[in-house]
Amino acid sequence: MDMILDILTIPLVQAVIKILVFVLGFVMAVGTVLTLMERKWMSAVQDRIGPNRANIGKFTGHGALHIAADGVKSLLKEDTVPAGADRFLYLIAPLFSYFPAILVWAVIPFAGPIGSVTFQITDINTGLVFIFAVTSLGVYGAVLGGYASNNKYALLGAIRTSSQMLSYEVFLGLSLIGIFMVYGTVQVSKIVELQNTYWFDGLIPKWGIFTQPLAFFLFFTGMLAEAKRQPFDQPEGESEIIAGYYLEYSGARFSAYMLAEYVSIVAVSAITVTLFFGGYQIPWLFPDGFHLLGYSLALPPVVVALLQAGSFITKTLIFCWLIIIIRWTLPRFRFDQTMDLGWKKMLPLSMANLVVTALVLLLTA
Amino acid sequence: MKRSNLPLEFGAEPMDIEIGPSHPAMHGITRLSTRLDGEVVTAVEVEIGYLHRGFEKECENSTYVQVIPYTDRLNYVSPILNNIGYSLAVEKLFGLDVPKRAQYARVILGELSRISDHLTCNGAMGMEVGAMTVFLWYVKAREYLWELTEEVTGARLTHNWTRFGGNANDLPDTFFDMLEERLKKVEAVLEEGVKMLFKNKIFLDRVKDVGVLSRERAIEYGFTGPMLRATGEPYDLRRAEPYLVYNELDFEIPVGTVGDSYDRFLVRHEEMLQSISIIRQAVAKIPKGGHYQHDRRAWLPDKTEVYGSIEGLIDHFKVIMEGSTPPKGEVYQAIEGGNGELGFYLVSDGTGKPYKCRVRPPCFNFVSALPEMLIGHYVGDIVPIYGSINMIGGELER
Amino acid sequence: MGVKTKAPAIEQGAFFTTRLDAVLNWARKYSLFQYPFATACCGMEFMATAASHYDQARFGAEIPRFSPRQSDVLWVAGTINHKMAPIVKRVHEQMAHPKWVIAFGACASSGGFYQNYAVVQGLDRVIPVDVYIGGCPPRPEAVLDGLIALQDLIQTRGPTGHTGINPRQTKEVLLLSRQ
Amino acid sequence: MTAPAETPPITARVEEKFPGAVTASHQQFGDETITVAKDQYLAVMTLLRNDPTLKFNLMVDLSAVDFLGQSPRFQVVVHLKSLSLGHRLRVKVGVGEDGPEACTLPTISKLWVAADWYERECFDMYGIRFQGHPNLKRLLLYESFVGHPLRKDYDIHLQQPRVELRPVRERYDYQNRNLTDPSETERRPL
Amino acid sequence: MIAEQYLPVLILIGVALVVGGQFIVMGIALGPTDKSAVKKAPFEAGHLSQGTGFRRYSVRFYMVAMIFLIFDVEVIFFYPWAVKFRELGWMGFWELMTFMVILVLGLVYAWRKGALEWE
Amino acid sequence: MQTAKKPSVKTVQRQGGFLIDLYLPAIIGGLRITLRHFFRNVITQSDVVTISYPEQKRRISPRWRGRHRLTVREDGFIKCVACYMCETVCPAKCIHIEAGEMPDKSVEKYPVVFDIDELRCVFCGLCVEACPKDAIRMDTGIYSMASTERVTFDYTRNMLMDAHAKTDKTKFPSTPLPLTQEEALPQSTAKLAG
């Protein structure tokens, strides 16, 4: 028993366990389920029922088995490689889509620490910069895939992806600077902790959304674009360039792209929640329990951690849902309008946000 | 459109890319061989004919009444309008009078058809710029209308409903029972469409000032219908050359100001509302009476006559075996179809088969003007422009 | 390139009996990504089938993929004329295995009443067809029946569909009269 | 067809400007129609478009009729409409079949852009060549198609496939109008 | 310290590779293959593709890449400043404003020059 | 030709302005609609219009033109007299009739072969209109035909008569018709039927 506990105290072992639980147990699972949920949710928006027929005996699970069907089928589908394609790049391109979606989870805390045990895979002290760096890796998946396909539509998709990502990366970084300034740190765990401080005698939490409302909109928009979700899904451009960069991909590799897309939705939601919606924080819940206006309710640390994890997961799922509903509400931008929005509207706005934040902070300091 | 002052080319190759026929935005049947400089369309060649079904040849080898099912499949989104147009042309050739009730019925179903045409067009335009939900709602609304027409004609979209001298059958009571409720539902869907798209900057950005064609150019190209009205020319055959009972009905002709995709969208939307009002007026005014006036040259007598009298049976046999035999001559009859002036030019040689049956397809002109509308725009603009012209393959290529 | 593409290894056995195959076919039949090759009037009914009232998404046949690589079933909805025939043939050949074809409506199935110089008298003269749906155009109910027929076909015959099977030699006629 | 006693104003105007150009005219079913001589066709069309009392700014339709066995064999029919003045006119012009220059007609696509595609379609369907047309090639059919299907001597069932057609067993061969598979019919009497 | 912090990241990279790689490996292992010429031809709406998909692309796209490089590098300079912002106070603010003004000028220049246009 | 009425023209209103340029109001407005649908459909399913087809069936019009049937007389003999009217009028030429005569000349003619290729059929209903004997009808209510084989769409005379036997006469009541010729025929032919 002691030995097990000893092993558990090794940070690396802890990290592996966390990876297994958080990434494989939560992120991949949610990403997979989202593929179905998107179909169900969009059906609800469109007054339909959505997939519900796949069954084993009488069990259908309201369509849950369609995930299994899709997965098995895609593996058995022919794996096409177009003539003239760059075979190696074409082969490995889908891998790159997973980097941002999965690496991001390294620094995202699921709950507050209990003693020395943290619920964060690793607390890199340059956490935000790490997020920033990793999200920009996602472009490779699309660009390499589109470029290697030897297909003109795919090429268009690839170029669009790269331009769009480049354009949105800039103000994404700028909009985060406001957060740095407000919380004075780039370490993600600290930012989340600091979001549990309050204005007006512990009444209103200093969540990112309240301290940096404009930055939230900028960041969320940028993140939607990074995840290539509507209204920024020009790289896929269903009705113009058919399927964009993954046009030539079939079977398993196509599902790899699709799954990566959903996993990155989860990642985007998690980042947004972490930075702007208090991460795992529940308002007025402190490590020792609730405190509000003098009233308090003491809770054991494990319960607090569980509540926090629950809050984080709930918030993340709400954002996943929101992103999907947005997709089925809005039309998509034209490609040049996406670029215009990025360079000509979002970038100046994020600069202005920076200046205003600096001014406000200095004047109130 | 604003042009940058950078030199256009730094050794970049233009990209020739085939868009269509099997492409989501081309509705399956048009091929645009485009040349792109980056994202900008610099040259377009339109190729059509992927749905050419030999309509005219088939007509020349069919009797007059057998042509009616073929006309259903011209503009298959508003088939009854085609039925009406063709029947009016043949009736003009015969010199037949259609009972008032049949005329009103034609107006009602014709306008229902027009609404379903515009619903499909506007919905598809939404879908093509990414608003899938609106499209599905519009198709849902169209479904309500199709149930209505099914109630009358016995088919959802290939109705084969008009005959020479009236209609195949009368509007049943169940139709009138369902009508108002269905129209209300359609109005509710349109209202939702307004809220989803009309003030949405993303949508406006996509459709505003794209595919502009001036009034003069539009007339040069022979535009009619919503496409022409969007440029500001209030040419509507229901008013310009009234047919059926449109003179007894009040409606406004919506016109646009700029002539871009957005105006076309708005004009179609407004036309749907006008059509709903026309239907309400027509339902209020529809007289009692017969739905079909038999003429022994034109089409079958009533079944009671066939079963009951030898003359009726002979008429019946004659008209089936020889076909309807109009006098010699030629006739052109145009009506306001879903897309514009839908004209039928018939040449009769006195036999049971039309010597020549030509249909003047309104969207033929629109597609021929595509290069002018597309060049200089972005790849992304192809979609809303193409969507706004409401290309209907059956009508375009016959 | 002849009519017959080389049958992939997995497709050699035409009839599957094992449990594993049953599972795999189950997955195939409930995950039918479709390539809507909608050319004419039938395309309107295809829309209607996909829309809220009939919602063919219920069968897992939801996602229209306009890329032949990603689609499993080619819905040819509408007339195919001789100008279009090479294109539909190419698209079909470019589709990744396993693939199925549904001829949607009278024109696609047989040419319908267009018996003239322009129209191919049935899609099966160009590419093998797995399911025919009659009607001009068929009601969405018929379309769904066609889809169910295809699902039954996939479940019983595996990934081959009709390719290479002489329709006259088999007695397994999956006629659906569900009314 | 004989000209009616009272010459309608459009026909009169054309005859006034180009005496002898109108070879026939009628007003059947209220559609005013003139038949013009082939050599005067372009001039008449220009007049119809530009004359302030005519102003036919909308070219509605252009097609042809094949009167097989008559001379001239084809009749190109143009429908015109004036949006400002509200009147319509049908212009017909005969096009012969024989001779090197016979099956041709000057293009009016310079006058109305709309005529461009209509003339291409007419060429495609009837084989009438429009001189001066910028891009006279097949529109609806494919380049490898031989013949012009709307000519009366083109058999409606003559197909020209572009891909190898697979053999299909059909109960009826609709091309040849016969039963190919009689064994399966039930011929027993009731 | 560094190793401890970043080792999990390495493991995560491994996880990402495995998660993505499983599809690729299984797809190749399980999927049927067909090597016919038509099948392998790139899809272009049912036509034979003319020319290759690898081509030099319009210069606009490279312009964006360059502008991005410039701006992104500049943005990086904000990071240390932002973190130390409270300690630097007004002095730091004005220093940064100078920097920002230059950056904005750069953006305005690029904008005016049409480098952000998509024609 | 009727005289033209003066058209009243309405210029459509183009949207624009500052509020729209902000993007957000419209996005929130749109989200409100979609969310309303979403919650209604998730919670009460009140907006869901989907018909779960094979289980649920929607009412179709009694006039719906479905698969054909060949009607029989009261004595069970086929009403069709092989007059070729339907074959003549059929635009799809999908009807194939071969006439035959009864040995005892009790009826003039009857169809030895009456085939309809339902795959070719375009369901225009002209055959029903053209039939002088009310022998062919399309009111079987069979609106759905799908099969994996082309041959299954070839309906022979007996299959079409089966369809008559199975037609739900209550659901698709035949329109009242006057006394027809064959109803007045002598009952002797009844013996020959079957």
Legend entry - Engaged part of Leu396(B) at the chain C interface, taking heavy atoms whose separation is under 4.5 Å: neither
Inset, instruction - Could you tell me whether Glu45(C) and Arg156(B) have a side-chain N and a carboxylate O separated by less than 4.0 Å? - result: yes
Legend entry - Neighbours of chain C found in residues 55-67 of chain B - heavy atoms under 4.5 Å: Lys57(B), Glu58(B)
Legend entry - Note, Trp75(C) side chain near Val143(C) side chain (heavy atom, < 4.5 Å): yes
Legend entry - Per-residue contact mode, Pro69(B) against chain C (heavy atom under 4.5 angstrom): both
Inset, instruction - Take Tyr138(B) and His118(B), measure what side-chain contact (heavy atoms from CB on, under 4.5 Å) needs, and give me the verdict at the end. - result: CA-CA 10 Å; Tyr138(B) 275 23; His118(B) 290 353; over 6 Å; no
Legend entry - Atom group of Leu157(B) that falls short of 4.5 Å from chain C, counting heavy atoms: side chain
Legend entry - Proximity breakdown for Glu397(B) and chain C, heavy-atom pairs closer than 4.5 Å: neither
Inset, instruction - Flag this pair as yes if the NZ/CZ of Arg53(B) is under 6.0 angstrom from the six-membered ring centre of Tyr70(B) and inside a 45 degree cone about the axis; otherwise no. - result: no
Inset, instruction - Using non-hydrogen atoms and a 4.5 Å limit, figure out which bit of Ala50(C) sits close to chain B: side chain, backbone, both or neither. - result: backbone
Inset, instruction - Just give me the residue among Gly49(B), Gly394(B), Gly393(B) that pairs up with chain C most often, heavy atom to heavy atom, under 4.5 Å. - result: Gly49(B)
Legend entry - Aromatic ring pairing Tyr30(C)/Trp26(C), orientation class (parallel under 30°, perpendicular over 60°, tilted between): perpendicular
Legend entry - Sequence-distant partners of Lys195(B), side chain to side chain donor-acceptor pair (under 3.5 Å), two or more places apart: none
Inset, instruction - Tell me, for Glu395(B) versus chain C, whether the close heavy atoms (under 4.5 Å) come from the side chain, the backbone, both or neither. - result: neither
Legend entry - Ionic contact status for Lys184(B) with Glu187(B), cut-off 4.0 Å: no
Legend entry - Criterion side-chain hydrogen bond (donor to acceptor under 3.5 Å, both in side chains) on Asp72(B) and Asn82(B), from CA distance to verdict: CA-CA 6 Å; Asp72(B) 277 331; Asn82(B) 307 335; over 6 Å; no
Inset, instruction - Answer yes if the side chains of Thr30(B) and Tyr386(B) hold a donor-acceptor pair under 3.5 Å, and no otherwise. - result: yes
Legend entry - Most contacts with chain B, counted as non-hydrogen pairs under 4.5 angstrom, among Pro137(C), Ser67(C), Gly43(C): Pro137(C)
